[in-house]
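We use all heavy atoms of the structure for the numbers below, so side chains are in, but hydrogens, waters and symmetry mates are not.
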Amino acid sequence: MIVSDIMEWQRLITNKRLGQEQRHYERHDDRTEFKRDYDRLIFSAPFRRLQNKTQVFPLPGSVFVHNRLTHSLEVASVGMSLGCDVARAIIEKRPELRNTAFEEIGQIVATACLAHDMGNPPFGHSGEKAIQTFFSEGKGSYLKDSIDENTWNDITRFEGNANAFRLLAHQFSGRRIGGFVMTYSTLASIVKYPYESAAATKKGKFGFFHEEKDIYIKIADEMGIYCKSAQGEPLRYARHPLVYLVEAADDICYEIMDIEDAHKLKILSFDETAQLMLAYFDEPMRKHIWQRIEDEQITDDNEKIVYMRASVIGKLENECVKAFLDNEEAILAGTFEGSLIERISPLQHDAYTHCAKLSKKKIYCSKPVLDIELSGYKIMETLMHHMVEAVMNPDRYYSQQLIGRVSSQYDICNPKLEKRIMAVLDYISGMTDVYALDIYQKICGISLPIV
C-alpha cells in the first residue's frame with residue numbers, strides 16, 4: 001500500500017495501459033496514448049448504447065431532450081476545457097511539467113467524462129435502485145446466505161460508478177485482457193468514489209466491485225495514489241486529482257442542461273428559466289447578456305436560453321478551475337473534502353444551490369420523470385427476477401430459453417454462483433431503455449416478434 005502523504009503529478013499522469021504493461025506495439029499514427037483512449041471509447045458499443053439510455057426526462061417524443069450520450073459528450077467538452085485550463089496554469093508555476101504527459105490532462109479528463117456514465121443501467125436512478133432493492137428487500141433477498149459477503153455488499157449497493165470501472169477494466173469473455181486496455185490515468189480518473197463496497201459512503205457510493213479490487217490497487221499503487229485505510233480496514237483511497245475535474249464537468253452540465261430541458265418541455269416558464277440563469281451574474285453582467293441577445297437579434301425564447309446557458313457554463317468552468325488551483329495542495333495530499341462546485345464564489349454557489357433545490361422540487365418530481373422511474377423500476381425488477389431465477393436453476397427448460405438469449409461475452413454459465421449473478425448484472429445493466437422494455441414485454445407475453 002502507498003504510505004506517501006503527497007501525490008506527484010509525474011506519477012499520476014502515466015500512459016501505461018492495463019493489460020499491456022509488458023508489451024510494446026508499433027504505432028502507425030501520431031495520436032497520443034490518451035487520444036487513443038478517447039477514440040476507443042467513442043467507437044465502442046457500450047458508449048453508443050448511451051443514446052438510448054434515459055438522462056432525466058423520458059426519451060424524446062416531439063421535443064428532443066438529453067439522453068446519456070448527449071450528456072456525456074457535453075460533459076467531455078466542458079471537461080476538456082477544465083483540464084486544459086488547469087494544465088496551463090500549473091505549468092506556469094511548474095515549468096518542469098512542460099513537454100511531459102501532464103500537458104495531456106485535458107484529453108484525459110475529456111475521455112473520463114465520456115466514460116463516467118457508461119456503467120449506468122437502463123432508466124437512470126430507478127434502474128440502479130431496482131437492482132439494489134431486488135437483493136436487499138425484494139425477491140432476491142433469499143440469496144444472502146448463498147453468496148459471499150463481498151459480492152453481497154456489491155450487489156445490494158450496486159453502483160453505476162463501480163460498474164463503469166468494471167466495464168472498462170474487467171476481462172469479459174472474448175475480450176482482450178484488461179477490458180478496454182485503457183491507460184492507468186484514464187481509468188483512475190473515472191473512479192469518483194475510490195472505495196470498495198464495504199467502505200461505501202453514507203449514500204452507498206463506492207468505486208469498484210470486489211472482482212476489480214486488485215485491479216484498482218494495482219493502478220493506484222503504480223501512480224502513488226494515497227491509501228487512506230489502515231491495515232485490516234475496508235479499502236479506501238484518496239481520489240486521483242483529475243476526478244475532481246470530471247465531477248465538476250458533470251455537475252455543471254447536468255444541473256444547467258436539466259434546466260434548459262425543463263424549459264423546452266414547458267415545465268419551467270421562460271421568465272423562471274431566465275431568472276435562474278442570470279442569477280449567476282452580477283447586475284452589470286446581466287445587462288451585458290441582455291444587450292448581447294438584443295445585438296445579435298435573438299428573438300426565439302429557446303435561443304435566448306441557449307445563450308444564457310452558454311454564459312453560465314463558461315462562468316462555472318472558470319470558477320471550478322480557480323477552485324482546483326486554490327486547493328491543489330490539499331487535493332494532492334488527499335485531504336480535500338467535497339467537490340469543486342462547493343468551493344466556487346458565493347454568488348455562483350448560491351445560484352447553483354437555488355437551481356439544485358428548484359430542480360429537485362419541480363423537475364425531478366415532475367410527472368414525466370416520475371412516470372419513467374415507476375415504469376423503469378418495474379421493468380428492471382422483472383428482468384432481475386427472471387434472469388436470476390434462470391441462473392439459479394439453469395437446468396430448467398425456461399431457464400435455458402432465457403440463458404440462450406444472453407451474449408457469449410457474459411459469463412452466465414460459470415459454475416460459481418457469484419460470477420453468474422454478476423453476469424446477470426453485466427447483461428441487464430448494459431441494456432438500453434428500449435431493449436430492456438422489449439425483453440420485458442417478450443418475457444411477460446405482452447408482445448411477440450414481428451417477422
Side-chain angles (χ1 to χ4, degrees), residues 47 50-82 109-110 112-118 120 123-126 160 192 245-281 289 293 298 300-321 339-342 344 348-349 351-366 368-369 372-373 433:
F47 181 73
L50 292 176
Q51 69 181 315
N52 256 328
K53 287 194 175 185
T54 303
Q55 174 63 17
V56 173
F57 298 104
L59 295 176
S62 58
V63 178
F64 190 86
V65 292
H66 288 82
N67 55 41
R68 291 281 178 185
L69 181 69
T70 52
H71 168 71
S72 296
L73 290 168
E74 289 169 350
V75 174
S77 177
V78 174
M80 176 70 81
S81 297
L82 287 165
V109 173
C113 289
L114 285 184
H116 83 284
D117 271 351
M118 282 176 62
N120 285 36
F123 307 109
H125 180 65
S126 64
K192 189 175 180 180
L245 299 180
V246 175
E247 179 184 45
D250 188 32
D251 287 344
I252 291 169
C253 287
Y254 83 73
E255 191 59 66
I256 305 307
M257 301 312 299
D258 287 352
I259 296 289
E260 182 182 352
D261 281 349
H263 174 254
K264 287 182 180 178
L265 294 171
K266 303 188 185 308
I267 294 173
L268 296 177
S269 69
F270 173 77
D271 289 341
E272 284 179 302
T273 309
Q275 187 176 8
L276 288 170
M277 297 289 188
L278 294 174
Y280 286 89
F281 306 100
I289 291 172
I293 289 173
I298 301 173
D300 181 77
D301 282 350
N302 283 329
E303 291 304 311
K304 291 177 183 177
I305 295 302
V306 166
Y307 185 88
M308 294 178 192
R309 177 260 295 161
S311 301
V312 173
I313 288 178
K315 182 62 177 176
L316 289 176
E317 191 271 341
N318 290 334
E319 286 288 321
C320 287
V321 168
S339 64
L340 296 179
I341 207 76
E342 295 170 351
I344 59 179
Q348 285 74 42
H349 185 267
Y352 186 91
T353 301
H354 181 59
C355 279
K357 289 180 179 178
L358 184 137
S359 295
K360 186 175 181 179
K361 180 179 179 182
K362 298 194 69 172
I363 298 177
Y364 306 138
C365 292
S366 65
V369 174
I372 197 69
E373 288 192 352
D433 293 14

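His71 contributes no side-chain N or O that, together with a main-chain N or O of Arg68, makes up a donor-acceptor pair within less than 3.5 Å. With hydrogens and angles disregarded, a donor-acceptor distance shorter than 3.5 Å links the side chain of Asp433 to the backbone of Phe123. Remark: side-chain polar atoms of Lys53 are paired, donor with acceptor, to backbone N or O of Asn120 under 3.5 angstrom. Under the 3.5 Å distance criterion, the side-chain polar atoms of Ser77 are left unmatched by any main-chain donor or acceptor of Leu73. A distance-only check finds no donor-acceptor pair linking the side chain of Asp251 to the backbone of Ile341 [under 3.5 Å].
Closest of all the heavy-atom pairs between Glu247 and Ser339 is OE1-CB, 3.4 Å. Shortest non-hydrogen contact noted between Ala249 and Leu82 is N-CD1, 3.7 Å.
Atom CD1 of Ile259 sits about 10.0 Å away from atom CD1 of Ile267, to the nearest 0.5 Å. Note that NE2 of His116 and SG of Cys113 are 7.0 Å apart. Values are rounded to the nearest 0.5 Å. Going from atom CG of Leu50 over to atom OG1 of Thr70 covers 9.5 Å, rounded to the nearest 0.5 Å. To the nearest 0.5 Å, atom CD of residue Glu319 and atom OH of residue Tyr352 are 13.5 Å apart. In this structure, the separation between SG on Cys253 and CD on Glu74 is 6.0 Å, given to the nearest 0.5 Å. The line from CZ of Arg309 to OH of Tyr280 is 13.0 Å long, rounded to the nearest 0.5 Å.
Counting heavy atoms from C-beta on, the side chains of Thr353 and His349 come closer than 4.5 Å. Residues Leu245 and Cys320 fail the side-chain proximity criterion, which asks for heavy atoms closer than 4.5 Å. Looking only at side-chain heavy atoms (C-beta outward), Phe270 and Lys304 come within less than 4.5 Å of each other. Side-chain atoms of Leu316 and Val312, non-hydrogen and from C-beta on, do get closer than 4.5 Å to each other. No side-chain heavy atom of Lys192 sits under 4.5 Å from any side-chain heavy atom of Val246. The side-chain heavy atoms of Asn52 and Asn67, taken from C-beta on, include no pair separated by under 4.5 Å. Ser72 places a side-chain heavy atom less than 4.5 Å from the side chain of Phe47.
Among Asp271, Ile305, Leu268, Ile256, the one residue that satisfies the side chain to side chain contact (heavy atoms under 4.5 Å, CB included) test with Leu276 is Leu268.
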ask   = Given the rule in the side chain to side chain contact (heavy atoms under 4.5 Å, CB included) test, do Ile293 and Met308 qualify, once you have shown the distances and angles that lead to the verdict?
value = CA-CA 9 Å; Ile293 289 173; Met308 294 178 192; 4.0 Å; yes
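For the side-chain hydrogen bond (donor to acceptor under 3.5 Å, both in side chains) test, no residue two or more places apart in sequence or in another chain qualifies with Gln348. Ser359 pairs by the side-chain hydrogen bond (donor to acceptor under 3.5 Å, both in side chains) definition with Glu255, not counting sequence neighbours.
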